[in-house]
J.: 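I'd like to ask you about the structure that follows.
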Amino acid sequence: ECLLVRKACQSALAKRQETLVEMLMKHTSASQLQAQICRPACSPKKPPAPLKKPRQDEEFVRGIEASMLELMENRDKMRAETGQVIDIMRRDEMDSMSDEDKEVQAAQDAFAEQIREAREASGRDWRGQEL
């Protein structure tokens with residue numbers, strides 16, 4: 001459901017992002033934002049097709065991708081807190097990596113660890129602020 005809503009939002013705002021940014025920078029009111037951005041994007045183009053049979057609620061089942069989505073959302077939080085760029089990969093993606101790709105990944109991880117240790121030794125965080 002989250003992926004569906006996210007995709008719908010991206011689709012609705014696809015050609016309105018610059019307008020939205022400009023309006024936010026001008027401190028446009030919520031009602032004006034809603035009128036100019038939300039209503040055109042969300043207004044029904046045509047009525048939905050009638051259902052052949054009544055809709056029944058189904059039990060929510062957490063899929064494999066749900067944990068991946070959670071990791072990706074936490075990735076941005078970790079970046080903001082630690083400054084570390086985290087690469088999220090599924091297990092099958094890791095298994096399909098060539099040996100050279102794995103070496104490059106290991107070298108990047110080692111370099112990131114060296115930078116982290118140097119920051120700690122300097123007494124400053126990744127933003128340059130005192131720890």
Side-chain angles (χ1 to χ4, degrees):
E1 291 174 349
C2 292
L3 292 173
L4 178 66
V5 171
R6 180 180 292 170
K7 185 68 175 172
C9 186
Q10 289 172 345
S11 176
L13 296 176
K15 296 180 179 160
R16 295 183 178 89
Q17 290 176 347
E18 289 183 25
T19 305
L20 177 62
V21 170
E22 289 173 7
M23 292 176 75
L24 290 171
M25 290 177 70
K26 293 178 184 176
H27 303 288
T28 306
S29 70
S31 59
Q32 287 177 319
L33 281 170
Q34 191 174 27
Q36 291 185 14
I37 302 293
C38 300
R39 284 198 185 114
C42 297
S43 63
K45 308 265 187 281
K46 58 182 181 179
L51 298 174
K52 293 181 182 177
K53 58 183 180 177
R55 181 185 176 283
Q56 294 180 349
D57 283 336
E58 297 176 8
E59 182 180 338
F60 176 76
V61 178
R62 186 180 184 123
I64 296 171
E65 296 300 318
S67 61
M68 192 66 151
L69 178 63
E70 191 174 319
L71 281 173
M72 292 175 74
E73 289 172 348
N74 288 337
R75 172 186 61 183
D76 297 331
K77 181 180 173 187
M78 289 291 291
R79 167 75 172 153
E81 291 175 0
T82 66
Q84 182 177 357
V85 178
I86 300 172
D87 191 19
I88 305 291
M89 300 172 88
R90 291 191 320 262
R91 182 70 180 165
D92 60 326
E93 291 173 331
M94 290 173 47
D95 291 341
S96 67
M97 288 174 69
S98 69
D99 289 338
E100 292 81 13
D101 289 341
K102 291 176 184 176
E103 287 179 30
V104 169
Q105 186 75 36
Q108 288 174 339
D109 291 344
F111 181 66
E113 183 65 28
Q114 288 175 346
I115 290 174
R116 199 170 24 257
E117 289 171 358
R119 279 194 202 117
E120 287 179 16
S122 73
R124 296 185 178 273
D125 67 6
W126 71 278
R127 295 181 195 107
Q129 298 173 353
E130 295 288 331
L131 291 175

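Computed from heavy atoms alone, side chains included, the values below leave out hydrogens, waters and symmetry copies.
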J.: Tell me if the CD atom of Glu18 is crowded by more than 12 foreign heavy atoms within 6.0 Å.
T.: no

J.: So, using side-chain contact (heavy atoms from CB on, under 4.5 Å) as the criterion, who are the partners of Asp101 when residues are at least two apart?
T.: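 Asp101 satisfies side-chain contact (heavy atoms from CB on, under 4.5 Å) with Met97, Ser98 only.
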
J.: Which side-chain hydrogen bond (donor to acceptor under 3.5 Å, both in side chains) pairs, counting each pair once, include a residue from residues 50-60, with sequence neighbours left out?
T.: Arg55-Asp57

J.: Let me see the working for Val21 and Met25 under side chain to side chain contact (heavy atoms under 4.5 Å, CB included), right down to the final yes or no.
T.: CA-CA 6 Å; Val21 170; Met25 290 177 70; 3.9 Å; yes

J.: Side chains of Arg124 and Arg119: closer than 4.5 Å at any heavy-atom pair?
T.: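 The answer is no, as the side chains (C-beta and beyond) never meet within the 4.5 Å cut-off.
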
J.: Got a sec, which residues hit side-chain contact (heavy atoms from CB on, under 4.5 Å) with Gln32, two or more places apart in sequence or on another chain?
T.: Thr28, Ser29

J.: Nearest 0.5 Å, please: how far is CD in Gln114 from CD in Glu117?
T.: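 One gets 7.5 Å once the value is rounded to the nearest 0.5 Å.
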
J.: Enter the distance from Asp109:CG to Arg116:CZ here, rounded to the nearest 0.5 Å.
T.: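 So the CG of Asp109 and the CZ of Arg116 are separated by 8.5 Å.
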
